S.K.: 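Have a look at this one before I ask anything.
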Amino acid sequence: MTDEKRDYRDTLFLPKTDFPMRAGLPKKEPEWLAHWNKIGLFERLREQSKGREQYILHDGPPYANGHIHMGTALNKILKDIVNRSHQMLGYDAHYVPGWDCHGLPIEWKVEEEFRGKGRSKDDVPGSEFRSRCREYAAGWLDVQREEFKRLGVVGEWDNPYKTMNFQSEADICAELLKIAKTGQLYRGSKPIMWSPVEQTALAEAEVEYADRKATQIYVKFPVYDADKAFNILEWPEGEEKAANAIRNSSVLIWTTTPWTIPANRAVSFSDSISYSVYRVDELEESEFAPWACVGENFIAAEQLWESIAKAGLIKSWSRMARVSPRNLILSHPLKSMSDAEGKYDFPVPLLEGSHVTADAGTGFVHTAPSHGEDDYVVWISNQKKLEALGIDPIVPMTMDDAGCYTDIMPTRFQGLDVIRTSGKKRGQDGKANPEVLKALVECGNLLARGMLTLRDAHSWRSKAPVIRRATPQWFISMSKGGLRDKAVAQIEKTKFWPDRGRNRIGTMVADRPDWLISRQRNWGVPITLIVGPDGELHTERDDADAINARILAAVEKVGVDGWFETPLEDFMPDNNEGWSKVTDILDVWFDSGSTHAFCLKRRDDLKDRADLYLEGSDQHRGWFQSSLLESCAVYGEAPYDGVLTHGFVVDEKGLKMSKSLGNTMSPEDISKQYGAEIMRIWTASSDWANDLKIGREIIQTSADAYRKMRNTLRYMIGALDGYDESDAVDYADMPALEKWVLHRLAEITAEHEAAIRDHDHKKIFSTLFNLCTVDLSAFYFDIRKDALYCDPLNSTRRRACRTVINEVFQRLTTWLAPIMCFTMEEVWQARHPSEDKSVHMELFRDAPEAWLDKSLDAFMGRVRETRSQIYEAIEPLRKDGTIRSSLEARVDISVLGDDMHCVDYLDIDFKNEYSSPEDPKDTLADYIIVSECNMSVGDEEVNVTALSSLNNYTKCERSWKYFKGEGDITPRDAAAVKAFEAGA
RNA sequence: AGGCCGGUAGCUCAGCUGGUUAGAGCGCGCCCCUGAUAAGGGCGAGGUCGGAAGUUCAAGUCUUCUUCGGCCUACCA
């Protein structure tokens, strides 16, 4: 007898693999990218799925300016997960990325560049300027392309669509011409920021705010018609007096731009302000004669009246009535001007406007729709009221390019300038303000005047003040061709994720004004229209088709310069007297709104209509809408079947990322530190329907999840070492535990496809993560380690286990491939090494119906409950050192009589568990990972005995289980060793 | 300022048409194993559902208000 114990380690079948535990993603990801590039994965996928039904996620083009950020990374990763998922579901998911290339930001950068070289914009020929813009956009496009590819996004990167391709530019022009032909396009006007000094339109980004001395005035607008249902709310001096006072009163306004008074068309008020009529009783003594008279009545906001009275030198007054001004009709304050030429005979209505406040002024806002954004909006949105009052709702063009009154104004004002545009006093007040003041005094409608310093817009370049002035602009009508109705109907038919998107875009489209599509800019697609002497469009002419063909041919050939640089005669050789080319360019939203036309519809290998548009929630007003409107205007239907909107990336507290808060994270940093895979996991496990939080801790959680899954997969690779399909065991011959795992696979298979169609990636990820951790690692693998390591190599149980692990492996890797595209390839290649194949060329596998076994699942649920109860009982013994490994324990459990079904079930399972070479009741012990488990009926009770303390038990030197019997190892292990030695 | 939306354990998420002591995983704490080992396993402690009021026999789940956050629009005549 010797104390030396035999070491059975070499007779075990331990998992074996070279697969590294540590991923080294930042280094390895680029290697996989290079591999896919080398084998031409994208092309192979297209080749492989030729003829399959297409799934088209049409890319919303990012703007080709600057590096990508978390938002753009999130967006592209989401798209990639959707595309890969549908590809593996059996579609041909052909993804063509795109870029938005035209627009002001690039124009601005390029202008800055030229300025740096001492050349002003005016010195640079248009074609040279545009050519540089083109280069600039192309440069950033290349940068972003590499950044997107780094994230693992698969797509046609060698042939993306670009709004600045010549063909795209021509197609965009063609789309506009189609709209023009249907009569949905019209020329109107709108106030824009304008610098009279430079005679050019300015964008918000081109103005700076600086102090300016301005003339402020209070002006009287006499009540013209108060009989129509004016609304007296209070009458402190009696009802009749109140009514009289109103009839003989003036509404007061306050303005710092007197020159806009001749362009006045309305007065705005607010329903949330209280207005009263005041009678002047006494005036201040002053060296200047006041412009108010005793007995005059004024209407103004109550809370501002005292300040008005002070400005108007009114010493005392009586409040005659509180009034709602809604239905008052006023006269223009210049109507009584001797040389008015009847040009102010129109009624001046009161319009409710949300921009009106009682912070300063009078509580009324003088409204000149041609000279203010608010004024314009109020005017346009009250179109119906104006028409009911017999007022022409057109916005008059009251000022020309030089900032001088046009000839629609009375003669005395014509040609007067607001701002001096040349000479020493350039930028200072011109002749308009003094002349307007003079005219107001003549009419007796000036109450007070003074000076004021205010912050106001100035041109970035000339530093001269900027005005707002109505200019001719092009619009697509929401109503003329029924565009609004069509769009609303299409929204109803579209599938939205989340569903609330429908409501959001729906109300926007229902309420939005006509689409202003013209810009007075350089870097963009031209509005290729030729306008006749009477404002008619060339598209109405008989030779329109021929003209269009020439225009489009020119743009196709050399891009937008084909329009700008070609003389009119080349397009319109005949009858061109008085015709001129439009020089405006298109709103860039029209460009991107046309991507479905020049990408999807233009290409033969893509279907015309997208299955999905997927962008951030800001695109309800942007691309989702511009695409919808453009497509409805031309084709009468939406360009998409579905729209998915995701939230914005915010920091861990839910605050938006900003440089000033210092809470930004860049995709590049995450790729370098953790790997793009971690970003992809973060994307998949977040809820895109709301804002997505990101921060160090959150990324770390994704990294931890990655490690766990990688190890689970690694264990499977090791366990499957040397496995061959010929070892597979038939379903019918499998132990219950194996059947249960297959049940789980079948269950998940069904859930998985539904989740993909619902784009519910977080559900997929959490399901698979839980499968790895809970079902596999902590339960199935933990239990089956014994069989895998210790059973005879050819035992049915061991072979069944490996059969099942192989099934799990195949499915888990493919299910995870759309999310963890790098690691699943690595894992896949570890089992299926191939020079030219990829896990991404696989399809998701079906699961046989027969695998679904609900009652088995319920049974296994009961087993796990029991297991949990037993562990709870073992735990104290472990803590006090009585038991170390659970294999040292014998468990005796008794269950209540009404829980007998469980016992029955176990009993049935015992009898079916033929594959165990031992007594079948040990199956339960296997499940619990104890050496012995006895079950009986009685009071609910769990007893744990330490077998090491009983001397009739021996610890098996091979399996570490305690058993009763002869020898140093169990009979099962003895059989295994025998078989091993025979084989070896 | 207006429109739309969101706020469940430290973190990421489940909680369907209102109905038993609000769930999961991660993380954390303690313990075990050393034949998945810069791995693996077990047990445990953490929320009253942003706040308030209301409807109801009953609310995380409905209504109103409020607070915080996000997107979009508007921003001084």
Side-chain angles (χ1 to χ4, degrees), chain A residues 8-9 12-17 21-22 216 253-257 260 268 272 353-357 359-362 364-368 371-375 377 454-456 498 500-501 503-505 507-508 511-512 616-622 645 647-650 652-656 681-682 685-687 689-693 695 697-702 704-705 707-708 711-712 714-719 762-763 765-767 769-770 772-774 777-779 781-782 785-786 788-790 867-868 870-876 878-881 883-887 929 958-960:
Chain A
Y8 288 97
R9 197 169 197 280
L12 293 171
F13 312 109
L14 300 176
K16 203 176 121 196
T17 178
M21 201 172 239
R22 294 183 55 96
Q216 54 167 331
I253 66 93
W254 174 76
T255 182
T256 55
T257 51
T260 59
S268 299
S272 53
S354 57
H355 64 296
V356 182
T357 62
D359 301 340
T362 65
F364 287 107
V365 176
H366 130 69
T367 299
H371 291 297
E373 182 68 24
D374 286 333
D375 306 44
V377 170
L454 52 80
R455 285 185 78 74
D456 205 359
R500 64 178 106 103
N503 178 41
R504 184 158 179 196
I505 193 171
T507 52
M508 281 179 183
D511 296 342
R512 67 160 293 152
S617 63
D618 54 335
Q619 298 304 329
H620 284 110
R621 183 158 289 272
T645 323
F648 273 62
V649 181
V650 294
E652 56 265 89
K653 292 179 203 141
L655 266 38
K656 72 168 139 198
I681 288 174
W682 166 77
S685 53
S686 299
D687 181 11
N690 292 314
D691 288 338
L692 294 87
K693 289 195 259 186
E697 187 187 355
I698 295 168
I699 278 292
Q700 190 56 50
T701 303
S702 298
D704 289 345
R707 274 219 316 274
K708 179 72 190 179
N711 268 317
T712 306
R714 178 175 178 272
Y715 183 75
M716 283 190 257
I717 293 169
K762 68 180 186 316
K763 181 179 177 182
F765 186 78
S766 67
T767 298
F769 183 67
N770 281 344
C772 284
T773 55
V774 182
S777 189
F779 186 64
F781 294 162
D782 209 31
K785 275 179 196 171
D786 174 69
L788 277 173
Y789 303 170
C790 304
R867 193 170 120 112
S868 180
I870 292 171
Y871 283 148
E872 210 177 313
I874 292 178
E875 193 61 19
R878 214 181 341 229
K879 289 224 163 150
D880 70 19
I883 283 178
R884 304 181 71 81
S885 159
S886 61
L887 283 175
I929 318 184
R958 187 162 177 272
S959 67
W960 300 338

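Sequence lines set the chain letters: A, B, ... in the order given, protein chains first and strands last, and positions in each chain run from 1. Note that the coordinates shown come from a computational prediction; the quantities given were computed from them, not determined experimentally.
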S.K.: Please state how far atom CD1 in A:I874 lies from atom P in B:rG42, giving the value in whole angstrom units.
M.R.: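 Spelled out: CD1 on A:I874 to P on B:rG42 is 12 Å.
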S.K.: My understanding is that only residues two or more places apart in sequence, or in another chain, count here; which of them pass side chain to side chain contact (heavy atoms under 4.5 Å, CB included) with A:R707?
M.R.: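 Scan of A:R707 (side chain to side chain contact (heavy atoms under 4.5 Å, CB included), adjacent residues dropped) gives A:D704.
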S.K.: Is the phosphate of B:rG35 approached by A:R9 (side-chain N or O, under 4.0 Å from OP1 or OP2)?
M.R.: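 So the side chain of A:R9 is within the cut-off, an N or O lying under 4.0 Å from OP1 or OP2 of B:rG35.
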S.K.: Please determine, by modelled atom types, if A:S777 and A:T712 share a side-chain donor-acceptor pair under 3.5 angstrom.
M.R.: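 Checked: A:S777/A:T712 side chains show no N/O donor-acceptor pair below 3.5 Å.
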S.K.: Could you write out each protein N or O paired with an N or O of nucleotides 45-48 of chain B at a distance under 3.5 Å?
M.R.:
none

S.K.: Respond yes when some side-chain nitrogen or oxygen of A:K763 is under 4.0 Å from OP1 or OP2 of B:rG25, and no when none is.
M.R.: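 It does not, given that no N or O in the side chain of A:K763 lies less than 4.0 Å from OP1 or OP2 of B:rG25.
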S.K.: Is the shortest side-chain N/O distance from A:S868 to OP1 or OP2 of B:rC43 below 4.0 Å?
M.R.: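 Answer is yes, contact under 4.0 Å.
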S.K.: Going by the rule side chain to side chain contact (heavy atoms under 4.5 Å, CB included), which residues pair with A:A368 if we only count those two or more places apart in sequence or in a different chain?
M.R.: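 Here the qualifying residues are A:T260, A:A263, A:H366, A:H371, A:D375.
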S.K.: For A:W960 and B:rG35, is the gap between ring centres under 5.5 Å while the planes differ by less than 30°?
M.R.: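 A stacking contact exists, since A:W960 sits close and nearly parallel to the base ring of B:rG35.
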S.K.: B:rU37, OP1 or OP2 - any side-chain N/O from A:R714 closer than 4.0 Å?
M.R.: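 So the side chain of A:R714 is within the cut-off, an N or O lying under 4.0 Å from OP1 or OP2 of B:rU37.
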S.K.: Among all residues two or more places apart in sequence or in another chain, which pass the side chain to side chain contact (heavy atoms under 4.5 Å, CB included) test with A:A873?
M.R.: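 A:V942, A:V944.
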S.K.: Starting at the 5' end of nucleotides 7-17 of chain B, put B wherever the base has a protein heavy atom under 4.0 Å, S where only the sugar-phosphate does, and a dash everywhere else.
M.R.: ---SSSSS---
S.K.: Holding to side chain to side chain contact (heavy atoms under 4.5 Å, CB included), I want the full list of residues that pass it with A:L887, two or more places apart in sequence or in another chain.
M.R.: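 Counting only residues at least two positions away or on another chain, A:L887 forms a side chain to side chain contact (heavy atoms under 4.5 Å, CB included) with A:S885, A:I929, A:S931, A:W960, A:K961.
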S.K.: Test of understanding: with ring pair (Phe, Tyr, Trp, His ring centres under 6.0 Å), list the residues that count as partners of A:F648, not counting sequence neighbours.
M.R.: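 Testing A:F648 for ring pair (Phe, Tyr, Trp, His ring centres under 6.0 Å), a comparison that skips the adjacent residues, returns none.
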S.K.: Where the side chain of A:T773 is defined as all heavy atoms beyond and including C-beta, which of B:rC72, B:rA36, B:rG25 is the nearest nucleotide?
M.R.: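 Ranking B:rC72, B:rA36, B:rG25 by closest atom to the A:T773 side chain puts B:rG25 first.
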S.K.: For B:rA36, take OP1 and OP2 only and decide whether either is under 4.0 Å from a side-chain N or O of A:Y789.
M.R.: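 Yes.
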S.K.: What's the closest nucleotide to the A:F769 side chain, out of B:rG3, B:rA77, B:rG25?
M.R.: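 Among B:rG3, B:rA77, B:rG25, the one nearest the side chain of A:F769 is B:rG25.
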S.K.: Going by the rule ring pair (Phe, Tyr, Trp, His ring centres under 6.0 Å), which residues pair with A:Y8 if we only count those two or more places apart in sequence or in a different chain?
M.R.: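 Applying ring pair (Phe, Tyr, Trp, His ring centres under 6.0 Å) to A:Y8 gives none.
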S.K.: Can you identify which nucleotide, out of B:rA36, B:rC72, B:rC43, has its nearest atom closest to the A:R621 side chain?
M.R.: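 Closest nucleotide among those given: B:rC72.
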S.K.: Can you tell me if the side-chain N/O atoms of A:K16 get under 4.0 Å from OP1 or OP2 in B:rA36?
M.R.: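 Looking at the OP1 and OP2 atoms of B:rA36, neither is under 4.0 Å from any side-chain N or O of A:K16.
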S.K.: Do the side-chain N or O atoms of A:S777 get closer than 4.0 angstrom to the phosphate oxygens (OP1, OP2) of B:rG41?
M.R.: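 The answer is yes; a side-chain N or O of A:S777 sits under 4.0 Å from OP1 or OP2.
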S.K.: If the condition is ring pair (Phe, Tyr, Trp, His ring centres under 6.0 Å), which residues does A:F781 pass it with, not counting sequence neighbours?
M.R.: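 In terms of ring pair (Phe, Tyr, Trp, His ring centres under 6.0 Å), with neighbours along the sequence ignored, A:F781 is linked to A:Y715.
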S.K.: Identify whether the glycosidic angle of B:rG51 places it syn (within 90° of 0) or anti.
M.R.: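 Base orientation: anti.
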S.K.: Would you say a side-chain N or O of A:R884 is under 4.0 Å from OP1 or OP2 of B:rC32?
M.R.: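 No, A:R884 has no side-chain N/O under 4.0 Å of OP1/OP2 on B:rC32.
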